[in-house]
Each structure stands twice: as C-alpha cells, then as structure tokens.
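Notes follow the structure.
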Amino acid sequence: MLDRLEVPVVAAPMAGGASTPALVAEVGRAGGLGFLAAGYLSVEAVAEQVTATTALTDRPYGVNLFVPGPRSSTDLSGYRDRVKGQSPTEPGEPRWDDDSYAAKLELVMALRVPVVSFTFGLPNPEDVHRLHAAGSTVVVTVTTPQEAAQAAQVGADALCVQGSEAGGHRGTFADDGVSPGGGELFGVLAALRLVRAKVDLPLIAAGGLVHGADVAAVITAGAVAAQLGTAFLATPEAGTSAAHRQALAEGTRRTALTRAFSGRPARGLVNRFLVDNQDQAPAAYPEVHHLTRPVRATGDPELMSLWAGQTYSLVRPAPAAEVVARLVAEARQALSVAITRISPV
Ligand SMILES: Cc1cc2nc3c(=O)[nH]c(=O)nc-3n(C[C@H](O)[C@H](O)[C@H](O)COP(=O)(O)O)c2cc1C
C-alpha cells in the first residue's frame, strides 16, 4: 500500500504528544500517510487516539510501537543524584518497563490498523504473521544495512530507513553504549543506498528531510516515500509544546545526539541539561527516560528534551495539509530542474 500513496509523504510518528489524530487526518486528507505514536501512552490512550483518528478520516493511517529492550544492569543512583542536583524537582525512579508492548500489539491487531511500524527493534515473525492476517502492512525502522537484513527476515513489508540527521530517537536495535548514535552513523542517502543493495523491500526514507527537493532526492534514490518528523512539529495540528515550538522557531541552537534524557541516543536541540549530562548519561533505556521524566515535565527549555532534526531551522509554521502540498510542488520543481541539468535539450 505504501507505493500506492497519492503523495509519497509520511508524517513520522512522534511520541511524547506531538502526533495527534488531527495531524494524522490532515496529512491523510492531503494524500500522505500519517502515524500515531503509541510509545509512552497507555493502551487505553492508544485506543482513544485510533478511535479519534478513524472518526476524522477514512484514509489509511499508521500506528508506531516501541519494541522493548533488555533491562539495564547499570547502577543508576549516581546519575539520579547528578540529575537531582540540576533540577528544581525530584527525579523519577529509574524503572524498566516494556511500554505495554504485547497489549498494544493485540490492540492494533484487533483494530485492524492499516500500517503498523516498529522502532527500537524487531517484532517476532509470529506477530508479523498475525498482523498480516489482520490486514496490516508491517514497517520496521532500521539505521544500518545489517538491521535491514534482519527486518527482512522477520517478514517486514517495508522498512523505514532512518538517517543520522533525524530528530528524536534513533531506531537502532541495540545501543552499543559507546558511539554517539549507539552504532555506526549513516546519513539518509548513504543508508538508503546501502540498504537497497542488501534488501529488496519498499523503503521509506527519514532524517533531515524538510524541502520538496529532499523528497525528490530520496525518491530518485529508490525510496517509495519520505518520512518527515520535525517539519510537522510546527503545524497547528501537532501537539508540540509551546516551549518546544519556541525553541524550534528561534532556530539558534545546534542539534546533537544524546542519551542524557532517555538513556537511548536521540537528536535534539542543545540545552543546559544536554551539555551538563552528555558525557555521563548511561545507556539504559527506558530507565533513564523514567528518571528524567519529572525534570522534562517542568517545561523549562533548558531541562526539556527538545527533539529536532538537523534541518529544523528551515521549518516554518504552516497547516499540515499546506506542508504536504508545498512539498509536492517543490519536489516537482526540483525534478524538472534536475532533468534539465542531466540531459539539457
Ligand atoms: C519529537 C519527535 C518524536 C519522535 N518520536 C518517534 C516515535 O515515537 N517513533 C518513531 O519511530 N520515530 C520517532 N521519531 C523519529 C521519526 O520517526 C523520524 O525518524 C524523524 O523525525 C525524521 O527526521 P526529521 O525529524 O529530521 O524529519 C520522532 C521524531 C521527533 C522529532
């Protein structure tokens, strides 16, 4: 179904409040594919969001799930003390949980969600089989050709190839705990090229795409669609917080990959919390996520996670359907310029 989209634009799932039924519906209305983000939400809240979405649109939409990882054996008391000293509020308990993964899987199967995507790991082949039986298209986010080969083996129908430019969490299956991105970093075009050489599946490209020319670039590089996250953060339909919107609009901060907020590499705007903890943050997700949650909830832009892709400063606030229409117009223009350049008449 992904290669039959009217417009090859996907609004990325964005957990933490940015993805909303209204955003999904508007992107669908404009011919693209919108995603709800099930990460961090209760099963009931995911069900409510799906119901709200299907009340707004009869277009296809997706739901994204976080695949749980192993419990950390790292002692996190030192990091908790450190964070406590930097914040006006008491940090949370660094507990492990599985984000209600199994129950969310049952829910999306029962609701026959058209597209189900996974990040942070692989669904097991039996679940992929059951999703297919429920009529869902299964997408797995990958960041390397090796992850792509594994995703193909479990029966994924398509892959979301995420470049290191991307805002938010990297979809890496296992954090190596050493390199800034949890593994080797590939930009979106390099990742696409390498993945295409390894697997024969429809690919959705993500990471730093902000202009229609970027959409055209990834399509000509073999993707079936472009997935944009940060470009939709500034739309009125998104649930982006006021402080996050303002930091994006200022456009003055640089971005960096960090484990400081969640214990997993993610790209966001550099603020005081990120700088102070960049070198100390343990690779322990979701324990660190729970530990910093009350601190992030203060709404202080120097303490919050301000997820953003590398091209965020080019994003201008506009309704989601206008963003999609602009991307299409720019992509057409970019392609006609490219054809003239490559084979002048
Ligand atoms: C605020 C925010 C939250 C995100 N949450 C998720 C998520 O829940 N699941 C997911 O697969 N990707 C998530 N991502 C990553 C996107 O899927 C996508 O890879 C990324 O936004 C692409 O880069 P861009 O932001 O430069 O467009 C998130 C990105 C942002 C900016």
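All values below were derived from every heavy atom in this structure, side-chain atoms included, with hydrogens, water molecules and symmetry-related copies excluded. As the structure lists them, so they are numbered: ligands from 1, and atoms in each ligand from 1.
The contact set between ligand 1 and A206, taken as ligand atoms under 4.0 Å from a residue heavy atom, comprises 19 (O). Within ligand 1, the atoms closer than 4.0 Å to a non-hydrogen atom of G208 are 23 (O), 24 (P), 26 (O), numbered from 1 in the order shown. Listed by atom number, the atoms of ligand 1 under 4.0 Å from G207 heavy atoms are 22 (C), 23 (O), 26 (O). The atoms of ligand 1 that sit less than 4.0 Å from any heavy atom of L228 are 27 (O). Residue contact check: G309 has heavy atoms under 4.0 Å from atoms 26 (O) of ligand 1. Here is the list of ligand 1 atoms found below 4.0 Å of a heavy atom in W307: 1 (C). Below 4.0 Å from some heavy atom of Q227 lie the following atoms of ligand 1, by number and element: 17 (O). Taking every heavy atom of A15 and a limit of under 4.0 angstrom, the matching atoms of ligand 1 come to 3 (C), 4 (C), 5 (N), 6 (C), 7 (C), 8 (O).
Going from atom OG of S19 over to atom CD of Q49 covers 8.0 Å, rounded to the nearest 0.5 Å.
Side chain of S179 to main chain of E184: no donor-acceptor pair is present (N/O by atom type, distance under 3.5 Å, no hydrogens or angles). Remark: the backbone N or O of P21 is not paired with any side-chain donor or acceptor of Y61 at under 3.5 angstrom.
Geometrically, ligand 1 and A166 share no nitrogen or oxygen pair separated by less than 3.5 Å. Residue-to-ligand polar distances keep H169 apart from ligand 1: every N/O pair is separated by 3.5 Å or more. Taking any N or O of A18, backbone or side chain, none lies under 3.5 Å from an N or O belonging to ligand 1. Taking distance alone, with nitrogen or oxygen atoms compared against 3.5 Å, H244 stays at or beyond that limit from ligand 1. Between T311 and ligand 1, no N or O atom pair is found at a separation short of 3.5 Å. An N or O contact shorter than 3.5 Å is missing between A12 and ligand 1 by distance. Close N/O approach between T230 and ligand 1 is found [any backbone or side-chain N/O within under 3.5 Å]. For ligand 1, the polar-atom distance check finds no N/O of A231 at less than 3.5 Å from any of the ligand's N/O atoms.
S164 has its side chain out of reach of F186: every pair of non-hydrogen atoms, C-beta onward, lies at least 4.5 Å apart. A heavy-atom distance below 4.5 Å is not found between the side chains of F261 and V288. In this structure, the side chains of H289 and R296 come closer than 4.5 Å at one or more pairs of heavy atoms. Counting only heavy atoms from C-beta outward, the side chains of F273 and L306 never approach each other to under 4.5 Å. You'll find the side chain of P301 stays beyond 4.5 Å of the side chain of Q246, heavy atoms only.
A donor-acceptor contact closer than 3.5 angstrom is absent between the side chains of Q146 and Q150.
The nearest heavy-atom contact from the protein to atom 10 (C) of ligand 1 is N64 OD1, 3.5 Å. Ranking protein heavy atoms by distance to atom 19 (O) of ligand 1, first place goes to Q162 NE2, 3.1 Å. In terms of protein heavy-atom proximity, atom 21 (O) of ligand 1 is nearest to G229 CA, 3.3 Å. The nearest heavy-atom contact from the protein to atom 13 (C) of ligand 1 is P13 O, 3.0 Å. Protein heavy atom in closest approach to atom 15 (C) of ligand 1: G167 O, 3.4 Å.
Closest heavy-atom contact between V142 and A151: CG1-CB, 4.1 Å. Nearest approach of D157 to P202, heavy atoms of both residues: O-CD, 3.1 Å. For the residue pair L274 and G268, the shortest heavy atom distance occurs at CD1-O, 4.4 Å.
Residues W307 and H244 keep their aromatic ring centres 6.0 Å or farther apart.
One finds no salt bridge joining R80 and E287 here, because no Lys/Arg side-chain nitrogen approaches an Asp/Glu carboxylate oxygen to under 4.0 Å.
Heavy atoms of G16 come nearer than 4.0 angstrom to ligand 1 in no pair at all.
When non-hydrogen atoms are compared, ligand 1 lies under 4.0 Å from the side chain of F66 (C-beta onward) but not from its backbone. Of the heavy atoms in M14, both backbone and side-chain atoms come closer than 4.0 Å to ligand 1.
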